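Just below is one structure, and these are the notes that go with it.
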Amino acid sequence: MSLGLLIIRLVVGLTFIGHSFQKLFGWFGGHGLKGTGSWMESIGIRPGIWMAFLAGLSELIGGFLFAAGLLMPIASVLIAGTMLMAIFKVHGQNGYWITSNGFEYNFLLIAVAIGIGLIGGGDYTFELLWK
């Protein structure tokens, strides 16, 4: 069971770290703070650059903690919070299915983050180093 949790934590956590790098630095095809901030302004999220920075920081910290299995409740809330914002501000109006740019993917990530946050990261975590 713990190996399965490790795989899920690494894939989800590292994906969120990658998303943060897109927002913060423009890596992996992202638009960086300026581009992401401008887009956020265009959909009514203001101030755009500051909100892009906060979203990127939440994804970076949440992704790192989640992948490492550290402070899982905090990691889960950071990940779920960014996905809830994505649903409310971008995808929710498009329905459920991702084929219509809906919130299916975001909802799935919320379920994974909260579910693992509730059961814990398993045996393979950096948290065990302090026990």
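Bear in mind that the values here come from a model prediction, so they are computed numbers and not experimental data. Side chains are part of it too, since the values below use all heavy atoms of this structure and drop only hydrogens, waters and symmetry mates.
Between Ile116 and Met72 there is a side-chain heavy-atom pair separated by less than 4.5 Å. Annotation: side chain of Ile119 is in contact with side chain of Leu5 (closest heavy-atom distance under 4.5 Å). Side chains of Ile45 and Trp39 form no contact here, defined as non-hydrogen atoms less than 4.5 Å apart. Residues Lys23 and Leu57 have side chains not in contact (no heavy-atom distance under 4.5 Å, counting atoms from C-beta outward).
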Test His91 against Asn101 for side-chain contact (heavy atoms from CB on, under 4.5 Å), laying out the working first.
CA-CA 6 Å; His91 301 286; Asn101 199 28; 3.1 Å; yes
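Counting non-hydrogen atoms of other residues, nucleotides and ligands closer than 6.0 Å to CZ of Phe21 gives a total above 12.
If you look at Tyr96 and Phe103, their ring centroids are closer than 6.0 Å.
Ala75 and Gly62 get closest at one heavy-atom pair: CB-O, 3.8 Å. Among all heavy-atom pairs drawn from Tyr105 and His19, the shortest one is OH-NE2, 4.2 Å. Closest heavy-atom contact between Gln22 and Phe28: NE2-O, 3.0 Å. Residues Gly117 and Ser76 share a closest heavy-atom pair of CA-OG, 3.1 Å. Residues Glu104 and Trp97 approach most closely at OE1-CE3, 3.4 Å, considering heavy atoms. In terms of heavy-atom proximity, Ala113 sits nearest to Ile79 at CB-CG2, 3.7 Å.
For the atom pair Phe64 CZ and Ser20 OG, the distance stands at 12.0 Å (nearest 0.5 Å). Atom CE of residue Met40 and atom CG of residue Leu33 lie 9.5 Å apart, to the nearest 0.5 angstrom. Rounded to the nearest 0.5 angstrom, Thr36 OG1 and Phe53 CZ are separated by 13.0 Å. A distance of 10.5 Å separates CD of Glu41 from CE of Met51, quoted to the nearest 0.5 Å. For the atom pair CG (Leu65) and CZ (Phe16), the distance works out to 13.0 Å, reported to the nearest 0.5 Å. To the nearest 0.5 Å, atoms CG (Leu71) and CD1 (Ile61) are separated by 11.0 Å.
Tracing side-chain contacts under 4.5 Å through hydrophobic residues (I, L, V, M, F, W, Y), one reaches Leu14 starting from Trp27; they form part of the same cluster. Both Phe66 and Leu84 belong to a single network of hydrophobic side chains, linked directly or stepwise wherever heavy atoms of I, L, V, M, F, W or Y lie under 4.5 Å apart. When the side chains of ILVMFWY residues are joined at heavy-atom separations under 4.5 Å, either directly or via intervening members, Phe107 and Met83 end up in a single hydrophobic cluster. The hydrophobic clustering, which links ILVMFWY residues whose side-chain heavy atoms are closer than 4.5 Å, places Val12 and Ile87 together.
Every residue two or more places apart in sequence or in another chain was checked for a side chain to side chain donor-acceptor pair (under 3.5 Å) with Asn94, and none qualifies. Annotation: side chain to side chain donor-acceptor pair (under 3.5 Å) contacts of Thr15 (sequence neighbours excluded): none.
In summary, of the residues considered (Leu108, Ile114, Val112), a side chain to side chain contact (heavy atoms under 4.5 Å, CB included) with Ile110 occurs for Ile114 alone.
No side-chain donor-acceptor contact under 3.5 Å links Thr125 to the backbone of Gly121. In this structure a side-chain-to-backbone donor-acceptor pair under 3.5 Å is present from Arg9 to Tyr124.
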